[in-house]
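I have placed the structure first, in the form of structure tokens, so that the comments after it can refer back to it.
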Amino acid sequence: MLNKNVSRREFIKRNSLTGLGAVLTPSLLANSIEKQAISAPMSASTGPAIYSSSGRPALLGGAPLRTKEWPAWPIWKPETDEKQLLEVIRSGVWSRAKLANEFEQKWAQTLGVKRSLLVVNGTNALIIALNQLNIRAGDEVIVPPYTFIATVSAVLATGAMPIFVDVDPETFQIDPARIEAKITPRTKAIMPVHILGLPADMTRIMAIAKKHNLVVVEDACQAHLAELNHQKVGTIGHAGCFSFQNSKNLPIGEGGAIVSNDDAFMDRCFSYQNFGNPYGAGVGSVSIGSSMQGTKLRTTEYQAAIGLAQLERLDAQTTTRNENAGYLKSKIKDIPGIVPYKLYDEVTRGAFHLFPFRYQKEGFKGLPRAGFLKALQAEGVPCSSGYATLNNQPYLNDAFQSKNFRKIYPKEMLDFKQYVAQNQCPQNDRLCNEEAVWFTQNLLLGPQSDMDEIVAAIEKVHTYAEQLAKLNNK
Ligand SMILES: *Cc1c(COP(=O)(O)O)cnc(C)c1O
């Protein structure tokens, strides 16, 4: 699964830069990135574009439908983004100081939450949050299987046991109806993930958590500015965590944040990422020494400067992604074999880190998903099959065989075969192994005519599905 994600990040990089690099000089490249990503989404309409979906598919010798580059990612505008960054670099104040504070205040304000703490990455934001909510070895934490591995790695890092709850395939999110059956006396937390940037069903999850006295840590690492009933995700549970890794909707390169309305908790999180040095309500003074166990996961000032520059455009980009996603969904939903994502009724905004749909080969004359992806890619539309199943991989057994796990858990809980049998998620298996298809968020940043091209490419593959299936069988 790690490979898949790495290749996804690679994939974004490649699709935004190569092919194009061979034709354009660096300055022209920068120029065209500007046009694509900044001016294009702002123009309301580029007029009716006509894309023929009747020509032969590229895989069958036809011309690829899309030859233009897609919006590049990340976006960097020297004229607006570099001033503060250069000032920081020239100042020599590189460890966290006032810009990190400023970013934290702005991020909290943007989300409508009391506090935010900027740290090295999203994975460690999750680890810190779990740790400071007292999740420890011997505890069980409920997670969805349809996520990036870091969700589960964070649980294992605390010494707790991840317990997988299957997804609702229509929304790609953890299925609240299946959570209670997995709660045991060891269960201490639920970690919903707003995967793909689409909100999980927090209303039902919070009700279950309340009933069973569990803490909720939202993995909002893909869900910047997504909302349920106009409340930003990440601010609904006891804590929320974000990632600012390069592929994410607010890219810094590396970075992450914890957000919460609980001051005492946020003070402890701050202390923890700063050697346990006292902070806020934390007792003691730095000169006397640390009163709590900690580590070092601090950010830098130049990361904060990049984050502040990116934050300026996040809201407008999110609007563009929502508009394009809604339009694309409406245009492909009636193609047989294409089942786009569903949003819960309470969703007032998505983040659309990815645009997902389910591909059902029965609607495409039996053309397997891999053949569909290959044909669509040949048309110039980058796409992928997304995640592999996370609930049966060797990394889990590796943790179970560690000294710490063997000291804490009874032998039968560490029986990998038994664990896999108890953590089966057939809905997720089908998504991962057969049905899920993704477009990355940068494809949603261009003009609406880009969506028309994606639609036409899918229609073309649909029209020629039988021939493509034959090609696939050879
Ligand atoms: C990216 C991501 C993380 C980890 O964030 P990093 O900043 O890469 O450490 C965690 N959970 C999910 C769902 C993610 O997509």
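Just follow the structure's listing: the first ligand is 1, and inside any ligand the first atom is 1. Predicted, not measured: the structure shown is a model, and the values here were computed from it.
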Problem - Polar proximity ligand 1 side, S243 side, N/O cut 3.5 Å exclusive - result: yes
Exercise for the section: May I ask whether H353 has any heavy atom positioned less than 4.0 angstrom from an atom of ligand 1? Expected result: no
Fill in the blank from the handout: The answer for which part of T123 has a heavy atom under 4.0 Å from ligand 1 is both
Practice task
Would you mind reporting whether D166 and P426 have side-chain heavy atoms less than 4.5 Å apart?
Solution key: yes
Exercise for the section: Please confirm whether Q245 comes within less than 3.5 Å of ligand 1 when only nitrogen or oxygen atoms on both sides are compared. Expected result: no
Problem - Numbering as shown, the atoms of ligand 1 that approach N121 to under 4.0 Å (heavy-atom distance) - result: 7 (O), 9 (O)
Exercise for the section: For R66 and E453, indicate whether the former's side chain and the latter's backbone hold a donor-acceptor pair under 3.5 Å. Expected result: no
Practice task
Check ligand 1 against C221 and write out every atom of the ligand that is under 4.0 Å from a heavy-atom position of the residue.
Solution key: 2 (C), 3 (C), 10 (C), 11 (N), 12 (C), 14 (C)
Problem - Close approach, G255 and ligand 1, non-hydrogen under 4.0 angstrom - result: yes
Problem - Contact atoms of ligand 1, heavy-atom distance to A150 under 4.0 Å - result: 3 (C), 4 (C), 10 (C)
Fill in the blank from the handout: Contact region, T147 to ligand 1, non-hydrogen atoms below 4.0 Å, reads side chain
Practice task
Check each heavy atom of V193 against ligand 1 and say whether those closer than 4.0 Å belong to the side chain, the backbone, both or neither.
Solution key: side chain
Handout entry: Polar contact flag, side-chain donor to acceptor under 3.5 angstrom, T300-Q303
Key = yes
Practice task
Say whether, by atom type as modelled, one donor and one acceptor occur between the side chain of Q173 and the main chain of L198 under 3.5 angstrom.
Solution key: yes
Handout entry: Within-cut-off N or O pair, G122 and ligand 1, under 3.5 Å
Key = yes
Practice task
Please determine which of K114, R115, R96 meets the salt bridge (charged side-chain N to carboxylate O under 4.0 Å, His left out) test together with E104.
Solution key: R96
Exercise for the section: Would you check if there is a donor-acceptor pair between the side chains of T171 and Y341 at a distance under 3.5 Å? Expected result: no
Problem - Any side-chain heavy-atom pair of M161 and Y409 under 4.5 Å - result: yes
Handout entry: Within-cut-off N or O pair, E254 and ligand 1, under 3.5 Å
Key = no
Exercise for the section: Please round to the nearest 0.5 Å and tell me the distance separating atom CE of M206 and atom CG of L228. Expected result: 11.5 Å
